[in-house]
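Lettering of chains follows the sequences in order, A, B, ..., and the numbering in each one begins at 1.
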Amino acid sequence: MQDLDSKLNEDHENLVRLNMEFMIPWLFELEVVGTLKDDLRCDGRTRLDYRPIILETGLVSNASGSARLRLANSDVLVGVKVELASPLPEKPLEGRLEFFVDCSANATPEFEGRGGEDLANEICRFLQMSYMSGDTINLAELSVLAGQQCWVLYVDILILECGGNLYDAVSLAVKSALYTTQIPSIKVATMDGDQPELELSEDPYDTKRLDTQNVPCFVTLMKIGNHYIVDPTPEEECCSSSGIVVAVSGTKKITAVRKIGSGSLHPESLVSMLKTGSEVGAVVNKILMNKLLEEERAGNTQKVGFMR
Amino acid sequence: MVDIRLASEVPLFDIVADSTEPKHLVTPGSLITKETGFMRGHGTYMQDDCLYSSVAGVVERVNQLISVRPLKSRYHGEIGDVVIGRVTEVSQKRWKLDTNARLDSVLLLQSVNLPGGELRRRSAEDELAMRQYLKEGDLVSAEVQNIFNDGALSLHTRSMKYGKLSQGCLVKVSPSLIRRQKTHFHNLPCGASIIMGNNGFVWICPTLHEDAAGGFVQNLETVPHGDRQAIGRLRNCVTALAQCKMMIYDTSIMHAYDASINAGFEIKDLLLPDRITEIALMVRKQFEMEKE
């Protein structure tokens, strides 16, 4: 495993020089992490700044909803497909969401072969955990026939390029894709004994949308020295030994927390990181919703897609 | 704090660096010529008496030799190049460095200056103490001394200006964007020094002084805030030039730096796509003004 050798200069308490003995060849190293006390990172951002995000929805024409999000060098493509299925026996009045993450081998050399499977499973599990709370998405809307038929949303996430901070990019892309997902309206035609016949509307534009106001956004906070930063670059991720990922819903509530990295966190820093995470998450949520509304109002403009 | 743009709002980065278009651009599988009698060089292959290109790049013709120079490829070393490499392995009497080439470059124990400047034959104790000088993960600036038969580069640090790099910022760009110049070490007027490795690694650090120890001594003092701002701005300028596929050398970096100061951009603003295109356009305008 990686051996982190970190020296904290006593006089200049916040200057950290980290030197890594890496086993995985692609791990980067930072000669100067920057005195985070002055709130200045290597690329001029403050501790709580995100890198520029580029968003586009509706790229995949044969999915019910899709989105592509580019967070600096991290590129994520999400497609949502809706299908009818029977609901879970313990939740007969609710539909459900199924997540699947695929780390493409093109994203980074580390994902070659089955290298990306662990990360994919982790992200998948965290997504499932964060959507379990009733506050996030109203699954009762997805019910068609109580106890017999419901909508299942299959959310497929494809990681095309890995440039640090994958959790955040994935969560924002999933939220955008769910925002644009169109679920066909369905009517119960006849009740043929026990077998109900469901009739799908003829009009392709007769669809309903989900209320994604409270769908959670993830905020990754990594701890370097005595401070924590939001949206780490791959270099900063390598320099940090511990961090947390917080799932924050639109109402500033935290729906899930996960600790990443092998280092330890002091309880006080954990509490302050959670607080910062929920504030940053609320801001990100608001800005994303505004942008999605703007795109919707702009109407059917030419899709840019991948040809840039 | 957070900047989200729609893809349709983002400008394109296709700024042509030189005003003249390259004469013959090819893509893999495109036909170069049907005439026989040409010798085929790198980046081409022969099929049914026709010459095709195997990489995306510019066709170069020297008398009877036709080759294709790719636009983006691994670093191809020449003797005398300055490179920056990261140590990946400490082996017997040599260090292996990653320099963005096809093979790891080799830094032999006899090609480095021993601390203290002694000139003697390297003994077994020197070999055992190798890890004290350079270990895995260290960044080194060196010069290409020789090229082995298999294409691996042999490096040396036999001058005080080469050696282990201490505090600064590394930017990785494509090797084809680094212009070959007389010197690759520059002390910029803004309070930072820059080392442009021919292999595409650009190292930005606080101003190196003439009487610096060099070699293997690392300077770990706190870097002043003003210097770090200059380094951050330079880093973003280099990344912006690389994204717009402009040649990177000291003049173009300084033009970009001055343009960003004059336009009043904050350091983190230079990460935004429209600021990047603005900077690139200002640099190009500056060059055109200078030509007249």
Which value, rounded to the nearest 0.5 Å, describes the distance between B:I267 atom CD1 and A:R45 atom CZ? 12.5 Å
Atom pair CD1 (B:I4) and CG (A:L71), whose distance is rounded to the nearest 0.5 Å: 9.5 Å
Best-contacting candidate, A:L172, A:L69, A:I53, A:V283, against chain B by heavy atom pairs under 4.5 angstrom: A:I53
Starting at CG of A:L40, measure out to CZ of B:R228 and round the result to the nearest 0.5 Å. 4.5 Å
Quick check: are there more than 12 heavy atoms from other residues, nucleotides or ligands sitting under 6.0 Å from NE2 of B:H186? yes
In terms of heavy-atom pairs under 4.5 Å with chain B, the winner among A:T57, A:L48, A:I54, A:V230 is A:I54
In Å, rounded to the nearest 0.5 Å, how long is the span from CG of B:L6 to CD of A:E56? 8.5 Å
Is atom CD of A:E112 surrounded by more than 12 heavy atoms (other residues, nucleotides or ligands) closer than 6.0 Å? no
Indicate yes or no: at least one non-hydrogen side-chain atom of A:T46 is less than 4.5 angstrom from one of B:K268. yes
Heavy-atom count check: over 12 atoms from other residues, nucleotides or ligands less than 6.0 Å from B:R94 CZ? no
Salt bridge A:K291-B:E9, side-chain N to carboxylate O under 4.0 Å: yes
What do you reckon, is NZ of A:K303 surrounded by more than 12 foreign heavy atoms closer than 6.0 Å? yes
Interatomic distance, SG@B:C169 vs CZ@A:R41, rounded to 0.5 Å, equals 12.5 Å
Highest number of heavy-atom pairs under 4.5 Å with chain B among A:V284, A:N290, A:I287, A:L292 belongs to A:I287
Distance in Å, B:R233 CZ paired with A:D43 CG, rounded so as to fall on 0.5 Å steps: 12.5 Å
Side chain, backbone, both or neither: which part of B:E266 has an atom under 4.5 Å from a heavy atom of chain A? neither
